[in-house]
Amino acid sequence: MGCVKPITAAQKPARCFALIDCNNFYASCERLFRPDLKFKPLIVASNNDGCAVARSAEAKALGIKMGAPIFKIQDLIRQHDVQVFSSNYALYADISNRVMTTLESMVPQLEVYSIDEAFADLTGVASAVSLTDFGHELRDKVERWVGIRTCVGMAPTKTLAKLANYGAKKYPKTGGVVDLTSQARQRKLMAITPVDEVWGVGRKLSKRLNTMGIETALQLADADLKTIRKAFSVVLERTARELRGESCLSMQDVTPTKQQIVVSRSFGSPVEGLDSIQSAVATFIVRAAEKLRYEGQSAKQATVFMRTNPFNTSDAQYSNSVTYELPVPTQDTRELLTLAQALCARIYRPGFRYTKAGVMLSDFYQPGVFQTSLFDVHEPKPKSKALMAVLDNLNKTKTGTLYFASQHGKTDWHMKRERLSPAYTTRWSDIPKAR
DNA sequence: TCTGGGGTCCTAGGACCC
DNA sequence: TCTGGGGTCCTAGGACCC
């Protein structure tokens, strides 16, 4: 009879995270339905066609930076026939869902971290197959099924997995997959990675780190933890620990409930009248209330803000916001709409050229949980739940089917989206035809 | 003329209480 | 009325992420 060895700590599979990240995601989505643009430089612009938020490899090679204002790179665009697209979030969200569903079918646990990237828990998988091989399987399947290229980084902590992914993107020789399980490889990559590429280290922090002589990821990993904690915060200390291989950030298996909902837009061109801003704010609060109900929450606080263009120094500047606390949380659009319009009027000042406004909902409660006081005389809107359900259902199939009168006032604030691609995957009339 | 939008977390400082 | 320590709660602002 063979003897069964007891499981020791040494045999416990080491923790392993993977980070799967889509390459140039928005640009790749646009190209999916335009194979004729395959090797052309292409960029996707932010709302109002303001700045570049995604670039194809060819556009990056031209030196177009992330966030570059479109009007500043007009010459480059003309010279190299750069294809510019307005952002088409309906398309990107749909493609993202397909990518995530594909990944979910292949890994034990997936945490969708953003529209174009996800963490997977590969603890245990590592002992069964070669991690690099598995990374390639993930990559190949997503590319075959959805048509989107990804890079895969694998390591014992999330921060190192991010770093591995950075390596997979940066160095083509890796074939888009980097296994950073071994400490020697971790240190090798960290030694040649600037500290500002580390997840959690932004512009401000890297500047301060540089002045302390910390320029590479490795130097941050080797820095004295107490000093880091004292000079910065627990956040950066955690980052340093993660770089050392100590896992501080775990998988988030359930999406945490939202703390706040913001809907705001820059206007297509400056507006002055209260009626214009109220029409914009009406649209924003209707959307915010819809999101709120989707989250299954009620809000007790609502904020409205508006401002002029801070970039235009020759214009008179004004910026203000006002927050109102409701006696009882609500998820009824009618109630929030009336409130938002009143708040809007309260902070509006004539004589300014406004370029942005927005609304925010916060202080959330699950419906029915809020304890009303004995003396509250709050009269809930009649048939609120049923009416909102009808509203949401009608608008689910086609946005704007049912709307409030105040949403359709002035339209001079509307966004600029002059180069919008069709909704290839989410609107029947836009589905591409195959001949 | 033209510079995105939507989030989270942490910290410092003030108010207030015992 | 003053003093000091210690705790909690709230808010504004700063930093980060994609």
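So you know, we letter chains A, B, ... as the sequences are listed, proteins then strands, and number each from 1.
- Ranking dC18(C), dT3(B), dG4(B) by closeness to the Phe71(A) side chain, first place goes to dT3(B).
- Here the P atom of nucleotide dC2(B) and the CD1 atom of Ile77(A) are 17 Å apart, to the nearest Å.
- A salt bridge is absent between Lys169(A) and Glu197(A): the closest approach of a Lys/Arg side-chain nitrogen to an acidic carboxylate oxygen does not fall below 4.0 angstrom.
- With Gln301(A) contributing its side chain and Ser362(A) its backbone, the two residues share no donor-acceptor pair below 3.5 Å.
- If you check every strand for non-hydrogen atoms under 4.0 Å, Asp49(A) touches nothing.
- dC17(C) and dT3(B) have their P atoms separated by 25 Å, with the value rounded to a whole Å.
- Under 4.0 angstrom from either OP1 or OP2 of dG6(B) there lies at least one side-chain N or O belonging to Arg265(A).
- When distances are taken from the side chain of Gln259(A) to each of dC18(C), dT8(B), dT3(B), the shortest belongs to dT8(B).
- dT8(C) is paired with dA15(B) under the criterion used here, namely a Watson-Crick or G-U wobble arrangement in which both key atom distances are under 3.5 Å.
- Residue Ser266(A) has its side chain nearest to dG5(B) when only dG5(B), dC10(B), dC17(C) are considered.
- Among the nucleotides dC10(B), dG5(B), dC18(C), the one closest to the side chain of Val234(A) is dC10(B).
- In the set dT8(B), dC10(B), dG5(B), dC10(B) carries the atom at the smallest distance from any side-chain atom of Ser233(A).
- Contacts of Gln74(A) with the nucleic acid, taken as non-hydrogen atoms under 4.0 Å apart, are absent.
- Using a 4.0 Å heavy-atom distance criterion, Ile115(A) is classed as making no nucleic acid contact.
- Close to dC16(C), at under 4.0 Å from its OP1 or OP2, lies no side-chain N or O of Lys207(A).
- Heavy atoms of Arg238(A) sit under 4.0 angstrom from primed sugar atoms or phosphate atoms, though from no base atom.
- Going from atom CG of Asp412(A) over to atom P of dT1(B) covers 19 Å, rounded to whole Å.
- In summary, Lys141(A) and Glu137(A) do not engage in a salt bridge, as defined by a charged side-chain N under 4.0 Å from a carboxylate O.
- Position along DNA chain B of the nearest nucleotide to Asn309(A) versus Gln252(A) favours Asn309(A) as the more 5'-ward residue.
- One finds no salt bridge joining Lys226(A) and Asp224(A) here, because no Lys/Arg side-chain nitrogen approaches an Asp/Glu carboxylate oxygen to under 4.0 Å.
- Summarising the geometry, the separation between NZ on Lys230(A) and P on dT11(B) is reported as 15 Å, rounded to the nearest angstrom.
- Under 4.0 angstrom from either OP1 or OP2 of dG6(B) there lies no side-chain N or O belonging to Lys258(A).
- For the OP1/OP2 pair of dC18(C) and a distance below 4.0 Å, the side-chain nitrogens and oxygens of Lys162(A) include at least one atom meeting the criterion.
- Ring geometry for Trp413(A) against Phe267(A) counts as perpendicular: the plane angle is over 60°, on a 0 to 90° scale with 30° as the lower cut.
- Between Ser264(A) and dG6(B) there is a side-chain polar atom (N or O) within less than 4.0 angstrom of OP1 or OP2.
- You'll find that the side chain of Pro270(A) is closest to dC2(B), out of dG7(B), dC18(C), dC2(B).
- Nucleotide dG4(B) holds its P atom 14 Å from the CZ atom of Phe267(A), rounded to whole Å.
- Spacing between atom CD1 of Ile261(A) and atom C1' of dG5(B) amounts to 14 Å, rounded to whole angstrom units.
- Residue Asn312(A) is the one, among Thr257(A) and Asn312(A), whose nearest nucleotide of DNA chain B lies closer to the 5' end (criterion: closest heavy atom).
- Of the candidates dG4(B), dT8(B), dT3(B), the closest approach to any side-chain atom of Asn47(A) belongs to dG4(B).
- For the pair Ile285(A) CD1 and dG6(B) P, the interatomic distance rounds to 13 Å; values are reported in whole Å.
- Ring geometry for Phe352(A) against Tyr318(A) counts as parallel: the plane angle stays under 30°, on a 0 to 90° scale with 60° as the upper cut.
- Considering only side-chain atoms of Lys291(A), the nucleotide from dG5(B), dG7(B), dT3(B) that sits closest is dG7(B).
- Taking the side chain as every heavy atom from C-beta outward, Lys410(A) and Gln278(A) never approach each other to under 4.5 Å.
- Spacing between atom CZ of Phe232(A) and atom C1' of dA12(B) amounts to 17 Å, rounded to whole angstrom units.
- Taking atom CD of Glu295(A) as the reference point, atom C1' of dT8(B) lies 14 Å away to the nearest angstrom.
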